[in-house]
Amino acid sequence: MSWEVLTMRSVTSFFNPALARSDLRRHWPIPFLYTAIWLVALPVQLYLRHIAEGASYGTRTVSEVCQGTYSMGVIMAFVFGGVLAMALYSYLMNGRSVGLIHSLPLKRQTLFFTQLLTGFAMLTAGNLLVVLVSLLVCGEPGPLLVWLAVVTLAEIFFLALGTLCAMLTGWLLAVPVLYVGINFLVMAVMQLIHWLAELFIFGYQEDGFGSFTLWCTPVVQLVRRLTDPQGVVAEYVGYPIVSADVNPLENGGWQALGIYAAVAVAILALACMLCIRRRSELSGDVAAFPWMRPVLRYGVGCIGGLALGMILYSVTFGLARSNDIRAYLPGMLLCVVLMTLVCSFGMSMLLGKSLKIFRRTWKGTVLLAALLAAVCVCVRMDVAGVERRVPKTDEIESVTAQCRNIQPFTATSGDTETIEAIRAIHRAILEQAEDGDVDLDGTLIEDGQYIWIRLKYTLTDGSTLERGYNVPVRRASALYTAINRMMSTPLARQELVISGTADADSAPLGGSIYSVDTGDVRNLTAVEAQMLYQAAQQDVAEGRVISDILSDTGYSPLQVDITGNDWDCVLNLDNFTDDAHTLELVNRFLNDGDGESGE
């Protein structure tokens, strides 16, 4: 008697229509909602612009509306790409479902690509419907096809990233957490570093995120690259109108989309490999692979320990020591270590689905807490010399300074006098800090006052260094002398008395003298405005400007405006000395009665 075992042949196709139809029946509300939102955001807005503009409606208008939705397209791709990936691969999160699906005569590759292509087809079908409806409204296919390419490339990346996250975990609720975490991980880590530095390093100021951080944060980078920085026209028709003069796609938009699309291919290859090697019995676990367990345990412990530790410090020790220029190190260590233990042990319990995890994980958790404590100590001791750094003159491309009543002004590399004066202020602040004369104890200073000083260096290598100090400035101190030296430079004197923009090659066309007390206005002729502007420049050159940071400049009820061809400026009469020619001219113009006067 012979026995014959009947087996089902494995289907080798990468796509299964029956499975795709099942996905469409189960998940159609997601693309329906996606399409409904876009129908309101694009065709409806095109129709409203058509009504508002009438005969002037054309390709330019359609381009403006489409460009205005690029950033929205990134957000939509981010949200619906993640939601759709979570829905399509939800069968991997349930033991019964995954057992049933994996018992079918389908290879893992077929399952993977069927779900992926079905999800992509859902979103693309919605995009095509939006384009067709918009085409009926506007009749301009060019900008709409560009819009279709932009949103499709964005969707490819975020759908791929959502798919990768679904492969890494066996717990459905962990998919959105991983998805958001991976998208913003690098930016979150850099922000934690900035906050830690601000707590421990005197004067440290966050100067934004670097190029690497932005590229590792796809949502932010794509929105930046696809948004016109010159964006909003004065006209407003129920929604912001983005100018089509500068196409953001030509200013790095296509490059970013192409790079992320290429990265999406690599992500999909990795996700497919993980899908093939994924163990079905791990469905329901937070980590779908053993190597994910230490990554999640120590990653959550590190980031959660620092973030929650700093929050705990700010509401405990931080409130009690609000006048310190640096964080209280023992208090910070206590908070960071405590939160690291809580986060690491909590993640271990979640991974192990048990409360009895202490014996297996205490060594690694204690080591992680010790490492984070060591990081805090190193930052507080300024091991890298961040706090003490003053850029050399030949390293500086430009430096922007702001000090009390001086508006921010920028000295370029050619103005070595001003740059050296600003560097002297920076060194004097650090020397005063070493002597301990920086505590913000709230007491009044008899021979000086607290002054806020902000410095931003742009270095020749393209990087920036920004510092901000609120320090006591006392007469006869080195800092007082350094600030007054800076205020005596021609550039600083001009910023003290002339606010706004002025074109040295264009003569003033007029202006006005306005009395804040009475509301009277004395209009200036072009000749009078020219005389006042030249007098102010002469006073600046000859030093008839108050250059003492602790001097009381008094109060002038008069405001002098001077206008030219596409420029205007204001003369700050408070900062002129009593013998300034500018004050003499202002008084003469007010007294002689010439020119036009009005209310």
Side-chain angles (χ1 to χ4, degrees), residues 30-31 33-43 45-46 62-86 119-120 122-131 134 143-165 176 178-188 208-209 211-232 239-244 246-265 267-268:
I30 298 176
L33 178 61
Y34 172 85
T35 306
I37 294 174
W38 269 123
L39 287 174
V40 174
L42 193 58
Q45 299 302 325
L46 288 171
V62 178
S63 297
E64 289 177 351
V65 175
C66 290
Q67 289 179 23
T69 62
Y70 288 166
S71 58
M72 175 185 172
V74 175
I75 304 300
M76 291 279 285
F78 169 71
V79 173
F80 283 91
V83 170
L84 198 53
M86 184 172 63
F120 178 71
M122 290 180 184
L123 297 179
T124 303
N127 293 335
L128 290 175
L129 178 61
V130 171
V131 169
S134 301
L144 294 174
L145 292 177
V146 174
W147 174 88
L148 179 63
V150 169
V151 296
T152 301
L153 289 173
E155 286 163 0
I156 289 174
F157 175 79
F158 288 109
L159 183 60
L161 190 58
T163 300
L164 176 63
C165 295
L178 277 176
Y179 182 67
V180 174
I182 292 177
N183 268 283
F184 295 96
L185 176 63
V186 177
M187 181 170 286
F209 298 104
S211 176
F212 174 78
T213 303
L214 293 173
W215 278 108
C216 292
T217 312
V219 179
V220 176
Q221 180 72 335
L222 283 174
V223 169
R224 288 179 69 253
R225 291 298 185 99
L226 296 177
T227 302
D228 180 8
Q230 302 176 3
V232 179
Y239 49 89
I241 301 176
V242 177
S243 172
V246 180
N247 190 337
L249 292 173
E250 299 174 359
N251 198 23
W254 286 126
Q255 178 193 26
L257 288 169
I259 290 174
Y260 284 118
V263 172
V265 175
I267 291 176
L268 289 175

*Might you point out which heavy atoms bring Tyr179 and Ala77 nearest each other, and give the distance in Å?*
OH-O, 4.1 Å
*Side chain of Arg225, backbone of Gly252: donor and acceptor closer than 3.5 Å?*
yes
*Just how far is it from atom CD1 of Ile156 to atom CG of Leu161, taken to the nearest 0.5 Å?*
14.0 Å
*Apply side chain to side chain contact (heavy atoms under 4.5 Å, CB included) to the pair Phe212 and Val186, showing each step before the final yes or no.*
CA-CA 9 Å; Phe212 174 78; Val186 177; 4.2 Å; yes
*Listed by chain and number, what are the side chain to side chain contact (heavy atoms under 4.5 Å, CB included) partners of Leu129, not counting sequence neighbours?*
Thr35, Val133
*To the nearest 0.5 Å, how far apart are OG1 in Thr69 and CD1 in Ile75?*
12.5 Å
*May I ask you to test the Leu226-Leu257 pair for a side-chain heavy-atom distance under 4.5 Å?*
yes
*Rounded to the nearest 0.5 Å, how far apart are CG of Leu33 and CE of Met76?*
7.5 Å
*Report the distance from atom CG of Leu46 to atom OG of Ser134, rounding to the nearest 0.5 Å.*
5.5 Å
*Can the ring centroids of Trp215 and Tyr260 be said to lie less than 6.0 angstrom from one another?*
yes
_Residues forming a ring pair (Phe, Tyr, Trp, His ring centres under 6.0 Å) with Phe120, sequence neighbours excluded_ = none
*Taking all non-hydrogen atoms of both residues into account, name the closest pair between Ser63 and Pro143 and its distance.*
OG-CG, 3.4 Å
*Evaluate the side-chain proximity of Phe184 to Val219: yes if any heavy-atom separation is below 4.5 Å, no if none is.*
yes
_Intermediate values then yes/no, side chain to side chain contact (heavy atoms under 4.5 Å, CB included), Val220 and Met187_ = CA-CA 10 Å; Val220 176; Met187 181 170 286; 4.1 Å; yes
_Is any side-chain heavy atom of Trp147 closer than 4.5 Å to one of Val62?_
no
*Just do the side chain to side chain contact (heavy atoms under 4.5 Å, CB included) check on Cys66 and Leu144 with the steps written out, would you?*
CA-CA 7 Å; Cys66 290; Leu144 294 174; 3.9 Å; yes
*asked:* Nearest 0.5 angstrom please: Ile182 CD1 to Cys216 SG, how far?
replied: 12.0 Å
*Would you sort out whether Leu148 and Leu128 count as a side chain to side chain contact (heavy atoms under 4.5 Å, CB included), showing the intermediate values?*
CA-CA 8 Å; Leu148 179 63; Leu128 290 175; 3.8 Å; yes
*Answer yes or no: is there a side-chain heavy-atom contact under 4.5 Å between Val151 and Trp38?*
yes
*Considering only heavy atoms from C-beta outward, does the side chain of Gln67 approach that of Val146 to under 4.5 Å?*
no
*Minimum heavy-atom distance between Leu84 and Gly119, given as atom pair plus value*: CD2-O, 3.3 Å
*With distance as the sole test, does Thr163 use its side chain to make a donor-acceptor pair with the main-chain N or O of Leu159 at under 3.5 Å?*
yes
*Using ring pair (Phe, Tyr, Trp, His ring centres under 6.0 Å) as the criterion, list what pairs up with Phe158, not counting sequence neighbours.*
Phe78
_From CZ (Arg224) to CG (Leu214), nearest 0.5 Å_ = 5.0 Å
